[in-house]
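Below is one structure, written out as structure tokens; the observations come after it.
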Amino acid sequence: MSYDPVTHLLLTPEDADAPRRVERLRELGVGREPRPEFDAFARRLAAACGAPFAMVNLIDGRGQYFAGLYTPETDRPPTPGNDGGTGPGRVMDLDHGYCPHVVVRRRALVLEDVRDYSRFAGNPVVDALGIRAYMGAPITDHSGMALGTVCVMAREPMSWGRRGLETIKAMAAEMAVTLRGEPRPAGSATAGH
């Protein structure tokens with residue numbers, strides 16, 4: 001847990017589940033390597049939400065890892081350390097971004113314009129990457145523990161709306177099934193995206 005010394009706002013929420021999450025990700029065989037199927041999922045997520053950035057973000061004891069990543073700069077998922085310096089790489093500190101808040105809350109977070117929220121407006125991704133809009137939902141396992149998020153971001157304010165929220169939640173549920181190694185249910189909400 002860390003605080004911004006200037007604003008005294010909580011940057012990273014206290015995460016009591018972190019040790020159990022690391023163990024659960026290990027049990028599922030998910031580590032810090034890009035997965036082509038997760039990159040394909042992130043591309044589909046970006047299209048479904050009309051967003052230029054999309055991620056499958058797994059939170060471990062060392063930070064955030066984008067196991068699935070789609071960016072507009074390359075119109076293809078970048079490889080680690082090869083994002084051209086124009087977009088997010090695969091690894092991010094816990095103090096950067098909004099996904100750690102989603103994981104701890106275990107609820108979706110919709111920020112149509114991050115500048116409207118003092119808690120989130122000063123986040124380092126605002127200045128470093130110019131992020132202005134965020135929407136994410138937790139990927140939860142059978143016990144209800146959040147393992148990470150699926151999320152989308154944009155460099156301008158976005159009106160995600162109810163449809164966007166429903167889409168991101170459905171795709172988080174789909175990714176949870178994928179992480180468990182189960183087949184996707186027939187007729188899932190995102191099958192047509």
So, for L58 and A67, which heavy atoms are closest and what is the spacing to 0.1 Å?
-> CD1-CB, 3.9 Å

Only one of R21, R20, R24 clears salt bridge (Lys or Arg N to Asp or Glu O under 4.0 Å) with D141; which?
-> R24

List the atom pairs, with distances to 0.1 Å, where a side-chain N or O of residues 145-153 and a protein N or O form a donor-acceptor pair under 3.5 Å, not counting sequence neighbours.
none

Mind checking whether F38 and L45 have side chains closer than 4.5 Å, heavy atoms only?
-> no

Worked verdict on E23 versus R26 for salt bridge (Lys or Arg N to Asp or Glu O under 4.0 Å) | CA-CA 5 Å; E23 182 59 32; R26 191 174 300 126; 2.9 Å; yes

Would you call T71 and F66 a side-chain contact if the rule is heavy atoms closer than 4.5 Å?
-> no

According to a 4.5 Å side-chain heavy-atom criterion applied to Ile, Leu, Val, Met, Phe, Trp and Tyr, with indirect links allowed, do L25 and V22 form part of one hydrophobic cluster?
-> no

What are the two closest non-hydrogen atoms of P138 and A108, and how far apart are they?
-> CD-N, 3.8 Å

Salt-bridge contact D17-R106 (side-chain N to carboxylate O under 4.0 Å) | yes

Quick one: do V30 and R35 satisfy side chain to side chain contact (heavy atoms under 4.5 Å, CB included)? Show the steps, please.
-> CA-CA 9 Å; V30 181; R35 307 247 319 237; 3.7 Å; yes

Atom pair CD/CD of E112 and E156 - distance to nearest 0.5 Å = 12.5 Å

Rounded to the nearest 0.5 Å, what separation is found between the CE atom of M171 and the OG1 atom of T178?
-> 9.5 Å

Residues W160 and Y134: closest non-hydrogen pair is NE1-O, 3.4 Å

Within a strict 4.5 Å, meaning less than it, do heavy atoms of the P100 and Q64 side chains meet?
-> yes

Separation between CZ of F53 and CG of L69, rounded to the nearest 0.5 Å = 9.0 Å

Counting distance only, does the side-chain N/O of R90 pair as donor-acceptor with the main-chain N or O of Y65 below 3.5 Å?
-> no

Minimum heavy-atom separation for P36 to P34, with atom names?
-> CD-O, 4.0 Å

Which heavy atom of A137 sits nearest a heavy atom of V102, and at what distance?
-> C-CG1, 3.7 Å

Do R44 and Y70 have side-chain heavy atoms sitting under 4.5 Å apart?
-> no

When rounded to the nearest 0.5 angstrom, what is the spacing between CD1 in I139 and CZ in R180?
-> 11.0 Å

d(R43 CZ, D39 CG) to nearest 0.5 Å is 9.0 Å

Pairwise distance CD1(I59) to CG(D15) - rounded to 0.5 angstrom = 8.0 Å

